[in-house]
Amino acid sequence: MRPRSLRPAAALLLLLTLEPQPSGTASLNGSKWTYIGPHGEKSWSKEYPSCGGLLQSPIDLHSDILQYNASLRPLRFQDYNMSASESFLLTNDGHSVRLNLPQSLHLHGLPFRYSAVQLHLHWGSPSDPRGGSEHTVSGKHFAAELHIVYYNSELYPNASVAIDKPEGLAVLAVLIEMGPFNPHFDKIFSHLQEVKYEGQNKSIPGFSLEELLPERPHEFYRYHGSLTTPPCHPTVLWTVFRNTVKISGDQLLNLETALYCTGRDDPAPQEMVNNFRRVQKFDERLVYVSFQQVPGLTYAGLSLGVILSVVLAGALGICVVLAVSIWLFRRKKSKKGDSGKGVIYKPAIKKETEDHA
């Protein structure tokens, strides 16, 4: 009878062992991994085979792989206006600074409904001016990159189940440049010193996530790719916004110098810098864009409106020059006609005199 009495307990233990543990994508990393050194990016595929597989991210977004798709719908954000009386949990997970998000935040405009999991950032270092974004545009790096991570809540119960499933995850990527002070991003950056070391957490006041998005969020790149950190599962629907957001140089320096990959008492502290994955091979995929490309122009931060304004101004200038030229030509011709009306032909007068004689 004793073996029978142990069966329920054994079954429960087995279920607990197999049950996926909830976590966000930045914390789904199992064993130790880093961006450099013996456990760095070049070694990821030894522990995580997907990191050496197909459909990997990030990628370079260049004109040869872009295709306009008129069916791409604008994204809609549900319940994003959280008040300051609510709170987010800010965490140093040893690879990035992560903000855990409530699943009540939903993303619409994709093939399925997606619920929020977390957001985190990638950046470079003060000694490297190239920047620390993961995605590039025509080979250009940006100062940093923000990722907002969602899981497919229409098909799967949580992010841990969805992470390696088809259509399991969606990520919004915001490219960050240097510019004026950004008060919205400072709602995160002002608390970095409170999560300086790995494992530290801080509850911070809530705010609207839409404040972190760029202008004209309906303009974006869309492709199927992977997580940019181990385990690198190729289950992510990426949306990379075309337009950037800006933060000040002081804010960027704070992000690049405030955090450590190691714990407070670690005898060999390591600064959290250059936490971005290099651009991956694109494997003949297409990137669909929600905006019309202007032929013959490469990315230079110019909007279509600015380009059209320049073209219209040029056309107007040509019209003005032509109008002035025509006016001058007619005026000159008119003067010649007027001068011909006062001519007296002397020979005719002389002949009339001779006839009278």
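When each of His106, Gln103, Gln78 is checked for a side chain to side chain donor-acceptor pair (under 3.5 Å) with Ser115, only His106 meets the rule. When each of Glu145, His147, Arg277 is tested with His135 by the rule side chain to side chain donor-acceptor pair (under 3.5 Å), just one qualifies, namely Glu145. Just one residue in the list Asn158, Leu227, Val117 forms a side chain to side chain contact (heavy atoms under 4.5 Å, CB included) with Ile163, and that residue is Leu227.
With hydrogens and angles ignored, the 3.5 Å screen pairs a side-chain donor or acceptor of Asn152 with a backbone N or O of Glu167. For Ser50 (side chain) and Gly53 (main-chain N/O), no donor-acceptor pair under 3.5 Å exists by modelled atom type. Between the side chain of Gln200 and the backbone N or O of Lys196 there is at least one donor-acceptor pair closer than 3.5 Å. Not a single donor-acceptor pair under 3.5 Å links the side chain of Asn275 to the backbone N or O of His122. One N or O on the side chain of Ser96 and one on the backbone of Leu121 form a donor-acceptor pair closer than 3.5 Å. Under the 3.5 Å distance criterion, the side-chain polar atoms of Thr34 are matched with a main-chain donor or acceptor of Ile36. Here the side chain of Asn92 pairs no donor or acceptor atom with the backbone of Val97 at under 3.5 angstrom. With hydrogens and angles ignored, the 3.5 Å screen pairs a side-chain donor or acceptor of Ser43 with a backbone N or O of Pro38. With hydrogens and angles ignored, the 3.5 Å screen pairs a side-chain donor or acceptor of Glu154 with a backbone N or O of Arg113.
Evaluation of the ring pair (Phe, Tyr, Trp, His ring centres under 6.0 Å) test over residues 241-263, restricted to residues two or more places apart or in two chains, returns Tyr197-Tyr260. Under the ring pair (Phe, Tyr, Trp, His ring centres under 6.0 Å) criterion, the residue pairs touching residues 158-189 are Phe185-Phe189, with sequence neighbours excluded. Applying the disulfide bond (SG atoms under 2.5 Å apart) rule to pairs touching residues 158-238 yields Cys51-Cys232, sequence neighbours excluded.
Asn69 and Ser71 form a side-chain donor-acceptor contact under 3.5 Å, judged by distance and modelled atom types alone. Between the side chains of Asn243 and Glu219, at least one donor N or O lies within less than 3.5 Å of an accepting N or O. A donor atom on one side chain and an acceptor atom on the other are found under 3.5 Å apart for Asp60 and Thr136. Side-chain polar atoms of Ser57 and Tyr223 form a donor-acceptor pair below 3.5 angstrom.
Taking a cutoff of 4.0 Å between a charged side-chain nitrogen and a carboxylate oxygen, Arg264 and Glu198 do not qualify as a salt bridge.
Counting all heavy atoms, side chain and backbone alike, Ala162 lies closest to Tyr156 at CB-CD1, 3.6 Å.
Using the six-membered ring where Trp is involved, Phe77 and Tyr80 have ring planes that are tilted, between 30° and 60° apart. Using cut-offs of 30° and 60° on the angle between ring planes, the pair Phe88 and Phe207 is perpendicular.
Counting heavy-atom neighbours within 6.0 Å of Lys42 NZ, excluding the residue itself, gives a total of 12 or less. Counting heavy atoms of neighbouring residues, nucleotides and ligands inside a 6.0 Å radius, atom CZ of Arg285 exceeds 12 of them.
For the pair Arg242 and Phe291, the cation-pi test (distance below 6.0 Å, angle within 45°) is passed.
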Q. Glu134 and Arg278: salt bridge (charged side-chain N to carboxylate O under 4.0 Å, His left out), yes or no, with the steps?
A. CA-CA 7 Å; Glu134 297 206 303; Arg278 271 54 180 178; over 6 Å; no

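Centroid-to-centroid, the aromatic rings of His39 and Trp44 stay 6.0 Å apart or farther.
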